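Before any comments, here is the structure.
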Amino acid sequence: MHSRLTARRTGVGAALIAIVTLAVALSASAGTKHTNGNTILIGSIAGTTGAYGSTGVAMVNGAKLAVADLNARGGALGKKFTLQSYNDQASATLSSQLFQRLVSAGAVAVAGSGDTGPATSAMAQRLHIPNIGAVDDAGITIYPKGPSQPPYDWVWSWGLNTFAWGGIAAHYAQNNCKGLAVLHDPSTYGGGGDAAIKLAYKGSSKKIVLDDSISEDWSTGATVGLNNEINKIKKAGADCVVVWLTPQDTARFMQTLKSTGTKLTVLGNDEINADPTFSNLAKSAGDGAIGATLTTQLHPTAALSSFYKRYKARFHIAATPFAVANYDAIMMLGQVIKTTKSTDPNKLKDGLNNVKNYHGLQGTVSFSKQNHATITEKQLTLVKYNAAKNVWVPIKK
């Protein structure tokens with residue numbers, strides 16, 4: 001999920017340009033009402049089409065279940081919750097417009113976007129409205145100057161975190177590889193993973209021998225040719241490569257390795273095993289690919305198992321971590337509204353920053369002014385794809 005900023009990934013700059021272009025119109029039309037009659041509106045922005053369409057669909061479905069559960073528990077402040085969801089089509093400009101539309105309609109918070117996180121984050125900062133849930137998998141989308149520096153103060157991420165996934169991939173490579181290559185998209189999604197890998201390698205005797213940015217087409221999922229990159233990886237002397245690209249491009253990369261007889265250990269990003277997209281495309285060529293998963297997914301609690309069953313029964317597909325992330329985010333938002341007895345954005349901001357030991361489906365989490373991302377490397381387990389059995393198997397330490 002992931003800064004999918006335009007039909008072609010162009011990075012944070014495109015989002016900022018779009019926001020500056022819209023600034024006058026937004027200032028004139030920004031609404032101040034945060035409820036609508038007898039309801040409390042929650043907004044949702046997610047790319048439900050294109051390369052990461054399955055991720056966007058999961059985010060929306062998770063939000064739907066959360067709103068239904070909040071209402072089954074009586075809502076809040078004597079009101080019921082409603083959800084309005086939009087597809088941003090991997091466009092930062094459209095995402096910015098949709099965020100404003102939701103705020104003007106009275107949304108108290110906006111969940112997402114996974115595709116255009118920098119755009120929704122910037123709008124949250126500008127309009128002072130909480131941006132929650134799976135927001136471009138955190139990383140530098142929320143911490144633009146790195147994990148030790150202050151995050152954007154109106155954005156909170158539940159679930160997957162590029163700093164965590166990049167860190168665990170880097171530490172595996174340090175222990176098992178002679179030389180590491182990194183292929184990543186140029187957005188804040190790829191940038192977050194790349195930044196975490198570089199941070200882990202800082203001061204290490206092992207080296208990153210190649211670090212290349214790859215432009216991809218997120219709006220359609222069309223794959224890019226990677227033969228030249230494979231030749232560059234071999235020339236650089238790498239025996240391992242982190243492929244921080246779409247599941248479609250990662251699958252094509254591994255198919256090309258197989259067809260050319262090239263032997264490389266491939267480590268994927270947080271999308272490689274989030275749903276079956278990669279495995280369905282890569283098939284036998286994907287054998288041996290390494291990724292990481294939330295440990296709670298491998299050992300689900302009774303509550304998480306129940307969620308999986310309810311999700312499958314309602315939507316007829318398996319839940320992914322992105323569905324869980326948005327579910328937890330909106331359930332926690334409901335709790336904060338009840339605790340603060342308000343939908344005022346500033347009170348919600350303070351309430352979110354003071355969440356302590358919230359027992360969500362993904363685990364027990366807390367927030368503070370500095371901590372705006374829930375998942376760390378310690379909460380992950382490395383897994384390897386077994387193509388013959390079509391399963392991801394935990395890697396023994």
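Bear in mind the structure is a predicted one, so any value in this text is a computation, not a measurement. The analysis underlying the following values was restricted to heavy atoms, covering all of them including side chains, and did not include hydrogens, waters or symmetry mates.
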Beyond-backbone contact of L180 with I197, side-chain heavy atoms, under 4.5 angstrom: yes

Main-chain N/O of T162 paired with D137 side-chain donor or acceptor, under 3.5 Å: no

Donor + acceptor pair across side chains of Q125, D153 (<3.5 Å): yes

Pairwise side-chain contact, Y201 with K206, heavy-atom cut-off 4.5 Å (strictly under): yes

Centroid-centroid distance, W244 to Y189, less than 6.0 Å: yes

Shortest non-hydrogen separation from W165 to L380 and the atoms involved: CH2-CD2, 3.3 Å

Close side-chain approach of V243 to L226, heavy-atom, < 4.5 Å: no

K347 atom NZ, over 12 foreign heavy atoms within 6.0 Å: no

Straight-line distance of L352 CG to T339 OG1, nearest 0.5 Å: 10.0 Å

Nearest non-hydrogen partners of A58 and T320, listed with the distance: CB-OG1, 3.2 Å

Check: W154 and L127 side chains under 4.5 Å, non-hydrogen atoms: no

Same apolar cluster (I L V M F W Y, side chains within < 4.5 Å links), L348/Y358: yes

Close side-chain approach of N390 to S279, heavy-atom, < 4.5 Å: yes

Heavy-atom closest pair, residues K356 and F367: NZ-O, 3.4 Å

Hphob cluster co-occupancy, L257 + I214, side-chain heavy atoms under 4.5 angstrom: yes

Option among Q248, Q255, E216 that satisfies the side-chain contact (heavy atoms from CB on, under 4.5 Å) test with T223: Q248

Hphob cluster co-occupancy, L264 + F278, side-chain heavy atoms under 4.5 angstrom: yes

Polar side chain donor-acceptor pair, D69 to Y327, under 3.5 angstrom: yes

CD1-CG distance between I317 and D275, expressed to the nearest 0.5 angstrom: 9.0 Å

Residue N228 excluded, over 12 heavy atoms near CG under 6.0 Å: no

N326 side-chain N/O to A134 backbone N/O, donor-acceptor pair under 3.5 Å: yes

Contact summary for S44 and L83, nearest pair of heavy atoms: CB-CD1, 3.9 Å

Nearest-0.5 Å distance, CD1 of residue I395 to OH of residue Y172: 5.0 Å

Residues that T301 engages under side-chain contact (heavy atoms from CB on, under 4.5 Å), provided they are two or more places apart: A303, L304

N161 (side chain) donor-acceptor with G139 (main chain) under 3.5 angstrom: yes

Side chain to side chain contact (heavy atoms under 4.5 Å, CB included) between I129 and L102, intermediate numbers included: CA-CA 10 Å; I129 294 294; L102 288 165; over 6 Å; no

S96 side chain vs A92 backbone, donor-acceptor pair below 3.5 Å: yes

Spatial distance of atom CG (L333) from atom CD1 (I132) [nearest 0.5 Å]: 4.5 Å

Closest approach of M331 to A66 (non-hydrogen atoms, all atoms of both residues): SD-O, 3.5 Å

Geometric class of the F307/Y311 ring pair [parallel <30°, tilted 30-60°, perpendicular >60°]: tilted

Test side-chain contact (heavy atoms from CB on, under 4.5 Å) applied to W156 and N371, T374, V355, N353, the passing residue: N353

Under 3.5 Å donor-acceptor, D239 side chain and G179 backbone: yes

Main-chain N/O of T381 paired to T293 side chain as donor or acceptor, under 3.5 Å: no

Between NZ on residue K234 and CG on residue L210, distance to nearest 0.5 Å: 13.5 Å

Pair Y385-N273, side-chain donor/acceptor within less than 3.5 Å: no

Residues F315, K64; criterion side chain to side chain contact (heavy atoms under 4.5 Å, CB included); working and verdict: CA-CA 10 Å; F315 303 112; K64 288 179 178 178; 4.3 Å; yes

Side chain to side chain contact (heavy atoms under 4.5 Å, CB included) assessment of I168 paired with H171: CA-CA 5 Å; I168 197 169; H171 289 129; 5.6 Å; no

Within one Ile-Leu-Val-Met-Phe-Trp-Tyr cluster: L281 and M254, side-chain cutoff 4.5 Å: no

Test side chain to side chain contact (heavy atoms under 4.5 Å, CB included) applied to D249 and L183, step by step: CA-CA 11 Å; D249 279 328; L183 306 181; over 6 Å; no

Linked, directly or transitively: V393 and I272 (ILVMFWY side chains, under 4.5 Å): no

Heavy-atom neighbours of K384 NZ exceed 12 at 6.0 Å: no

Least distance between heavy atoms, V135 atom then G112 atom: CG2-O, 4.1 Å

Donor-acceptor contact below 3.5 Å, side chain H372 vs main chain S368: yes

Whether T120 side chain and G117 backbone form a donor-acceptor pair below 3.5 Å: yes

Approximate separation, where rounding is to 0.5 Å, of K349 NZ and D344 CG: 11.5 Å

Identify all side-chain donor-acceptor contacts of residues 283-292 below 3.5 Å with residues at least two apart in sequence or on another chain.
| unit_1 | atom_1 | unit_2 | atom_2 | d |
| --- | --- | --- | --- | --- |
| K283 | NZ | N280 | O | 3.1 |
| S284 | OG | K258 | NZ | 2.6 |
| D287 | OD1 | A387 | N | 2.9 |

Close side-chain approach of T340 and D350, heavy atoms under 4.5 Å: no

Heavy-atom donor-acceptor pair, Q84 side chain to A105 backbone, under 3.5 Å: no

Min side-chain heavy-atom separation I230-F253 under 4.5 Å: yes

Backbone of T256 reached by a side-chain donor or acceptor of S259 within 3.5 Å: yes

Beyond-backbone contact of Y152 with N131, side-chain heavy atoms, under 4.5 angstrom: no

